[in-house]
Number of protein chains: 2
Amino acid sequence: MRLVIAHCSVQYTGRLSAQLPPATRLVMVKADGCVAVHADGGAYKPLNWMNAPNRLVEADGVWIVTNPKGEILTITMEEVISDTAWEMGPDPGLQKDGVEAHLQALLAAHCDQHLGLRLVRREYPTDIGPVDLLCKGPDGVTIAVEVKRRGDIDGVEQLGRYLEFLNRDPLLRPVRGMLVAQSVRPQARVLATDRGIRWIEVDYDLLRGAESRDLRLF
Amino acid sequence: MRLVIAHCSVQYTGRLSAQLPPATRLVMVKADGCVAVHADGGAYKPLNWMNAPNRLVEADGVWIVTNPKGEILTITMEEVISDTAWEMGPDPGLQKDGVEAHLQALLAAHCDQHLGLRLVRREYPTDIGPVDLLCKGPDGVTIAVEVKRRGDIDGVEQLGRYLEFLNRDPLLRPVRGMLVAQSVRPQARVLATDRGIRWIEVDYDLLRGAESRDLRLF
DNA sequence: GCATCAATGTCGCCT
DNA sequence: AGGCGACGTTGATGC
């Protein structure tokens with residue numbers, strides 16, 4: 001990884017045009033060739049960047065980075081304050097825990113408890129993709145459950161499409177929908193209600209709590 | 001801006017849990033206090049981070065970064081290879097040109113010229129969000145225009161939802177749809193046509209050209 | 001401060 | 001390689 005501290009100006013032309021007036025910044029070049037220009041503030045997003053794969057040409061204090069898509073990043077180095085490079089080797093990578101898949105797993109395991117439903121199948125396949133949970137309600141009616149961390153309009157549409165296909169199956173019909181999320185946005189509530197889809201908010205920590213309590217019983 | 005090259009391991013607990021095994025990485029601390037841990041590859045996104053506002057406590061080779069939301073980032077420094085700091089001052093910031101807002105503004109200003117429509121209102125509100133442009137066609141029919149940089153299936157769906165709601169208003173009905181974008185993807189074309197939604201591609205440079213020509217007249 | 005929406009989104013999975 | 005969906009999305013804007 002190469003780190004350059006420099007007074008520089010930057011120009012990007014590609015999917016849009018953007019430019020940076022001269023100022024002191026950090027230019028980071030990673031081993032895969034990607035280039036990022038960071039200011040001394042503003043979260044982790046760089047001001048300008050060019051991802052790999054690309055080609056960096058350096059001449060007369062001007063860096064020109066181009067990629068196969070025809071995007072161009074030009075960095076004009078007015079004064080280089082520091083220029084260092086470090087060998088890091090490959091990174092073992094990030095381990096994550098607590099994403100949507102976990103939410104779905106917890107809900108599947110405690111469907112009756114949290115949703116008042118009986119689980120028929122997880123990832124029930126349809127022609128346009130798998131439904132997160134297929135359940136039966138107390139009245140025996142089939143219910144397709146879509147699990148999201150955040151319930152958004154997209155999720156309602158997605159569930160709507162599943163329902164459309166599921167309801168073509170005479171063995172399942174009628175199928176109703178339920179959107180389950182840690183929070184359901186107001187607009188998604190409106191659309192869901194409009195489409196006859198129920199929505200519920202669940203608390204991930206509560207689910208996890210219930211899970212560990214259950215585990216302790218064994 | 002402080003740059004630390006170190007062999008370190010990282011743990012994050014907050015909206016999810018994530019951990020990084022020991023390896024050599026860059027730890028970046030910006031003037032606003034935000035912390036980012038970068039590997040030597042993988043675009044511009046850091047492996048782990050903690051945005052401002054936060055509090056960084058450094059003791060015995062362990063950095064503990066906490067924020068008001070209760071998230072915790074722990075960096076265990078096994079070996080510090082380099083630790084430097086640079087004064088950069090404030091950044092003048094990025095100037096962008098060619099984002100959706102510009103496109104919408106240009107189209108709104110020259111609706112008749114580029115779309116053959118008369119503008120009724122920008123950002124016309126519905127229960128599920130605002131329509132970019134509400135216009136009237138030469139025949140007096142109301143037309144909802146959705147503006148995108150790229151016309152994708154999502155945009156067609158979005159416009160479809162607006163139309164569904166707009167067409168419930170007896171004062172507006174019938175409302176037709178038009179998708180305007182710099183480029184409309186093949187799948188979006190098919191879906192739009194299927195839904196009776198017109199689509200048009202516009203050239204941003206041409207729009208801007210027309211704009212500056214108009215300006216020169218005054 | 002919350003809700004909403006765009007983004008040079010990025011990233012990972014799957015076909 | 002392209003489509004699709006999640007993301008600790010981030011960032012900006014309007015209310």
Side-chain angles (χ1 to χ4, degrees), chain A residues 10-19 34-37 42-52 54 65 67-73 93-94 96-104 128-130 132 146-155 157-158 161 181-190 204, chain B residues 10-19 34 36-37 41-52 54 65 67 69-73 93-94 96-104 122-123 125-126 128-132 146-150 152-155 158 185-188:
Chain A
V10 187
Q11 169 87 38
Y12 164 78
T13 310
R15 281 166 280 188
L16 55 60
S17 296
Q19 62 171 35
C34 72
V35 181
V37 181
Y44 68 68
K45 198 177 179 183
L47 295 162
N48 283 104
W49 68 93
M50 182 78 84
N51 284 350
N54 60 31
V65 193
N67 74 4
K69 279 179 282 186
E71 297 170 291
I72 305 174
L73 183 73
L94 189 65
K96 287 187 186 182
D97 174 34
V99 290
E100 183 192 303
H102 297 242
L103 191 57
Q104 191 197 120
I128 51 166
D132 287 341
E146 178 65 30
V147 180
K148 293 281 179 204
R149 280 196 329 114
R150 293 191 216 174
D152 238 321
I153 282 186
D154 284 358
E157 295 279 29
Q158 192 179 346
R161 288 193 298 271
Q182 287 174 278
S183 89
V184 179
R185 306 302 224 197
Q187 292 192 353
R189 296 180 185 192
V190 172
Y204 183 69
Chain B
V10 186
Q11 168 86 39
Y12 163 78
T13 311
R15 278 169 280 187
L16 55 61
S17 296
Q19 62 170 37
C34 73
V37 181
Y44 66 68
K45 198 177 179 184
L47 295 161
N48 281 106
W49 68 91
M50 182 77 86
N51 286 349
N54 62 32
V65 193
N67 75 3
K69 280 179 280 186
E71 297 171 291
I72 305 174
L73 183 73
L94 188 66
K96 288 188 189 182
D97 178 32
V99 291
E100 183 188 303
H102 297 184
L103 194 56
Q104 192 197 120
R122 274 179 77 177
E123 303 287 348
T126 78
I128 52 165
V131 180
D132 286 341
E146 178 66 29
V147 181
K148 292 282 179 203
R149 282 193 321 117
R150 295 190 217 175
D152 238 320
I153 283 187
D154 282 0
Q158 190 180 347
R185 304 298 219 203
Q187 291 191 352

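Since this is a predicted model, take the numbers as computed values, not measurements.
The environment of CZ in R189(A) is crowded: more than 12 heavy-atom neighbours from other residues, nucleotides or ligands sit within 6.0 Å.
Within the nucleic acid shown, R185(A) comes within 4.0 Å of at least one base atom, counting heavy atoms only. The residue G129(B) sits close only to the backbone: its heavy atoms come under 4.0 Å of sugar-phosphate atoms, none of a base. Using a 4.0 Å heavy-atom distance criterion, N51(A) is classed as a sugar-phosphate-only contact.
Stacking is not found between Y44(B) and the pyrimidine-like six-membered ring of the dT10(C) base under the 5.5 Å centre-distance and 30° plane-angle cut-offs.
Here K45(A) does not reach the OP1 or OP2 of dG11(D): none of its side-chain N or O atoms lies under 4.0 Å away. OP1 or OP2 of dT10(D) lies within a sub-4.0 Å distance of a side-chain N or O belonging to W49(B). An OP1 or OP2 oxygen of dC4(D) is reached within less than 4.0 angstrom by no side-chain nitrogen or oxygen of Q158(A). Of the side-chain N and O atoms in R15(B), none sit less than 4.0 angstrom from OP1 or OP2 of dC7(D).
Of all nucleotides listed (dT8(C), dT4(C), dG3(D)), dT4(C) comes nearest to the side chain of P186(A). Set against dA6(C), dC11(C), dT8(C), the side chain of A43(B) has dC11(C) as its closest nucleotide.
Residue K96(A) contributes atom NZ, which lies 13 Å from atom C1' of dC13(C) at whole-angstrom precision. The separation between L16(B) atom CG and dC7(D) atom P is 8 Å, rounded to whole Å. The distance between atom CD of Q104(B) and atom C1' of dG14(D), rounded to the nearest whole Å, is 13 Å. If you measure from atom CG of D152(B) to atom C1' of dG9(C), you get 14 Å, rounded to the nearest angstrom. Protein atom CG of L103(A) is 18 Å distant from nucleotide atom P of dG5(D), rounded to whole Å. Taking atom CD of E100(B) as the reference point, atom P of dT8(C) lies 11 Å away to the nearest angstrom.
Rounded to whole Å, the P atom of dT10(D) lies 16 Å from the corresponding atom of dG12(C).
Between R150(A) and R161(A), the residue whose closest nucleotide on DNA chain D is further toward the 5' end is R161(A).
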